[in-house]
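Reviewing the structure listed below.
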Protein chains: 2
Amino acid sequence: MTDKCLQKKEEFRREILLAAREIFSLDGYGNFSMRKLASRIGYSPTTIYLYFKDKDEILFCLCEEFYVELHQTILKIVGENNDLLATLRRVLLAYVSFGLANPEQYRVAFFTNPSVYGSPATYMENDTMSRRAYLHYRDLVAACSAAGVLISMDGDTLAQVLWAGVHGVVSAALHTRDFPLVDPAILADVMVTGLLTGLGIRQTVCI
Amino acid sequence: MTDKCLQKKEEFRREILLAAREIFSLDGYGNFSMRKLASRIGYSPTTIYLYFKDKDEILFCLCEEFYVELHQTILKIVGENNDLLATLRRVLLAYVSFGLANPEQYRVAFFTNPSVYGSPATYMENDTMSRRAYLHYRDLVAACSAAGVLISMDGDTLAQVLWAGVHGVVSAALHTRDFPLVDPAILADVMVTGLLTGLGIRQTVCI
DNA sequence: ACGCATCACTTAACGCTGTTAAGCGGGTAG
DNA sequence: CTACCCGCTTAACAGCGTTAAGTGATGCGT
């Protein structure tokens with residue numbers, strides 16, 4: 001009864017989110033609106049508010065879906081590789097590819113409402129996919145540091161610097177359509193190589 | 001006559017831009033609107049359209065002001081230092097400071113309309129402050145490369161990777177108010193040190 | 001089977017947004 | 001003195017997120 005009702009409600013929510021993703025892909029984030037979403041699913045605009053508190057909740061759910069996919073991508077890479085540093089390198093490069101392949105979702109996750117997840121304190125209290133993906137990634141970086149292939153440094157700091165590097169590349173690619181940017185894949189490669197070398201324990205002897 | 005008229009028009013434009021900057025500082029980019037701007041300068045909303053084509057032109061002008069200040073900041077650092085690598089390091093760190101000190105302007109310049117400057121081709125044709133600042137910065141990086149303190153590589157690629165790194169730090173600081181981010185100053189320092197080391201010609205001998 | 005309540009949904013509305021068309025008043029040139 | 005031009009305003013359009021009120025069907029208790 002109530003069980004079936006909730007299930008039906010959940011199904012409708014998924015349907016709405018699916019339509020939302022379609023609009024994002026077709027028209028981009030800037031042209032997304034509640035009214036357009038409503039007309040796409042064939043209901044009046046206010047109906048959506050019976051299933052989602054407001055627009056922000058829809059954006060939050062889309063963020064979470066984004067992080068689910070991202071986390072799965074990372075997990076797959078980690079499972080396929082043994083060498084720590086090589087794994088990290090692939091993860092960072094895959095992050096850029098993932099961001100460029102899902103530009104609109106990336107926009108929602110990082111460049112819209114800067115506090116969809118609440119305060120930093122609540123971020124770490126609630127179990128979100130964003131948090132899970134981050135903690136897993138940070139542990140990978142910390143493991144590299146502990147194993148001696150990256151410099152000894154606070155795991156969060158090290159992880160966030162490496163992330164900021166690849167995030168900067170994605171951000172540049174997404175936001176500077178007016179600027180003659182070098183191929184993002186090349187930028188990503190140089191970035192990751194540069195950072196992992198600079199923050200790594202140098203084992204080669206140079207002049 | 002026409003001369004004085006144009007001058008008066010230019011003065012009014014500056015007055016509008018000043019009010020726009022005030023609104024950005026006070027209420028943030030998200031709460032900026034043409035109507036609010038109009039009421040601040042004491043005119044009806046449509047009056048602004050007699051001095052600016054549309055909202056985008058106002059944003060473009062604010063971007064240009066941003067780049068003027070940024071460029072001046074960089075020029076000052078370059079003038080005060082002799083050592084190429086030390087200069088570049090200071091410039092990159094100053095970029096982060098500048099971005100964090102002017103968050104709303106940074107938002108306008110990088111995270112709003114991604115093509116205020118037109119296409120990449122027109123970007124390099126027209127003489128904008130954005131272009132001037134970039135070319136000057138790129139030449140600094142290229143000089144480092146030519147002098148042998150950075151690896152030999154295409155100047156644009158090298159410059160854009162270094163920029164993407166610090167841009168990533170600023171972007172992270174501005175857009176992740178929900179995330180427990182490490183102090184951006186620390187991130188910037190590790191980022192710049194890491195990149196300049198990794199992309200530099202290593203002169204120290206390590207095991 | 002009837003009445004009532006609940007539920008899914010809609011219509012109407014508020015207060016915003018950027019932007020355009022039309023109009024109005026005053027100063028100036030012919 | 002008239003006609004035009006210039007600076008500015010009012011009115012309006014189309015859209016936005018969101019809320020309050022209403023409507024029609026469905027299912028439940030008696």
Side-chain angles (χ1 to χ4, degrees), chain A residues 1-17 19-24 26-63 104 107-108 111-116, chain B residues 1-17 19-24 26-63 104 107-108 111-116:
Chain A
M1 174 65 172
T2 331
D3 200 20
K4 200 166 189 175
C5 181
L6 280 178
Q7 189 183 341
K8 209 164 187 176
K9 198 156 187 169
E10 192 53 40
E11 194 177 331
F12 205 119
R13 279 172 62 100
R14 265 189 280 119
E15 203 173 312
I16 293 174
L17 289 175
R21 257 176 291 145
E22 286 171 358
I23 294 177
F24 272 80
L26 292 172
D27 306 338
Y29 167 71
N31 297 103
F32 171 80
S33 78
M34 297 296 271
R35 289 174 143 91
K36 191 178 256 184
L37 176 57
S39 95
R40 185 165 188 90
I41 59 174
Y43 289 86
S44 89
T46 52
T47 301
I48 303 176
Y49 289 88
L50 302 172
Y51 297 88
F52 292 92
K53 184 178 160 289
D54 52 17
K55 194 180 179 180
D56 273 356
E57 191 183 339
I58 293 180
L59 297 184
F60 172 82
C61 289
L62 292 177
C63 285
E104 296 303 332
R107 258 199 188 83
V108 177
F111 302 118
T112 57
N113 195 332
S115 49
V116 269
Chain B
M1 175 62 173
T2 330
D3 199 22
K4 200 166 189 175
C5 181
L6 280 178
Q7 188 183 343
K8 209 163 187 176
K9 198 156 189 170
E10 192 52 40
E11 194 176 332
F12 205 122
R13 280 172 62 99
R14 267 189 279 119
E15 204 174 311
I16 293 174
L17 289 175
R21 257 175 289 144
E22 287 172 357
I23 293 177
F24 272 78
L26 292 172
D27 306 338
Y29 167 70
N31 297 105
F32 172 80
S33 77
M34 297 296 270
R35 287 175 147 90
K36 191 179 253 181
L37 175 58
S39 96
R40 186 164 189 90
I41 59 174
Y43 288 87
S44 88
T46 51
T47 301
I48 302 175
Y49 288 88
L50 302 173
Y51 296 88
F52 291 93
K53 183 179 162 288
D54 53 17
K55 194 180 180 179
D56 273 355
E57 190 182 342
I58 294 179
L59 297 184
F60 172 82
C61 290
L62 292 177
C63 286
E104 297 303 332
R107 256 197 190 85
V108 177
F111 302 119
T112 57
N113 195 331
S115 49
V116 270

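Residue numbering restarts at 1 for every chain, and letters A, B, ... go by the order of the sequence lines. Reckoned from all heavy atoms, side chains included, excluding hydrogens, waters and symmetry mates.
Regarding Met34(A), its CE atom lies at a distance of 15 Å from the P atom of dC9(C), rounded to whole Å. Atom pair Phe12(A):CZ and dC7(C):P shows a separation of 17 Å (rounding to whole Å applied). The CG atom of Asp27(A) sits 15 Å away from the C1' atom of dC16(D) (whole-angstrom rounding). Taking atom CD of residue Glu57(B) and atom P of nucleotide dT19(C), one finds them 11 Å apart after rounding to whole Å. The CD1-C1' distance, from Ile48(A) to dC9(C), rounds to 12 Å in whole Å.
Side-chain N/O atoms of Thr47(B) include none lying less than 4.0 angstrom from OP1 or OP2 on dC8(D). The side chain of Tyr51(B) places no N or O atom within less than 4.0 Å of a non-bridging phosphate oxygen (OP1 or OP2) of dG7(D).
Judged purely by atom type and a 3.5 angstrom limit, Asp56(B) has no side-chain atom pairing as donor or acceptor with the backbone of Leu59(B). Proximity of a side-chain donor or acceptor of Lys36(B) to a complementary backbone N or O of Asn31(B) within less than 3.5 Å is detected. Although no hydrogens or angles enter the test, the distance criterion places no donor-acceptor pair under 3.5 Å between the side chain of Glu15(B) and the main chain of Glu11(B).
In this structure, CD on Glu104(B) lies 9.5 Å from CG on Asp27(B), to the nearest 0.5 angstrom.
Side-chain N/O atoms of Arg35(B) and base N/O atoms of dG18(C) include a donor-acceptor pair closer than 3.5 Å.
Scanning both residues, Arg40(B) and Ala19(B), for their nearest heavy atoms gives CD-O, 3.8 Å. Contact record, Cys61(B) with Arg13(B): SG-NH2, 3.8 Å, taken as the closest heavy-atom pair.
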Could you give me the CA-CA distance, side-chain angles and deciding distance for Phe12(B) and Leu50(B), then say whether side-chain contact (heavy atoms from CB on, under 4.5 Å) is met?
-> CA-CA 10 Å; Phe12(B) 205 122; Leu50(B) 302 173; over 6 Å; no
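Axis angle, first five pairs versus last five pairs of the helix from dA1(C)-dT30(D) to dG30(C)-dC1(D): 30°, rounded to 10°.
Proximity of residues 37-46 of chain B to DNA chain C (heavy atom under 4.0 angstrom from any strand atom) is restricted to Thr46(B).
The listed nucleotides are dC9(C), dC8(D), dT17(C); the one nearest the side chain of Leu50(B) is dC8(D).
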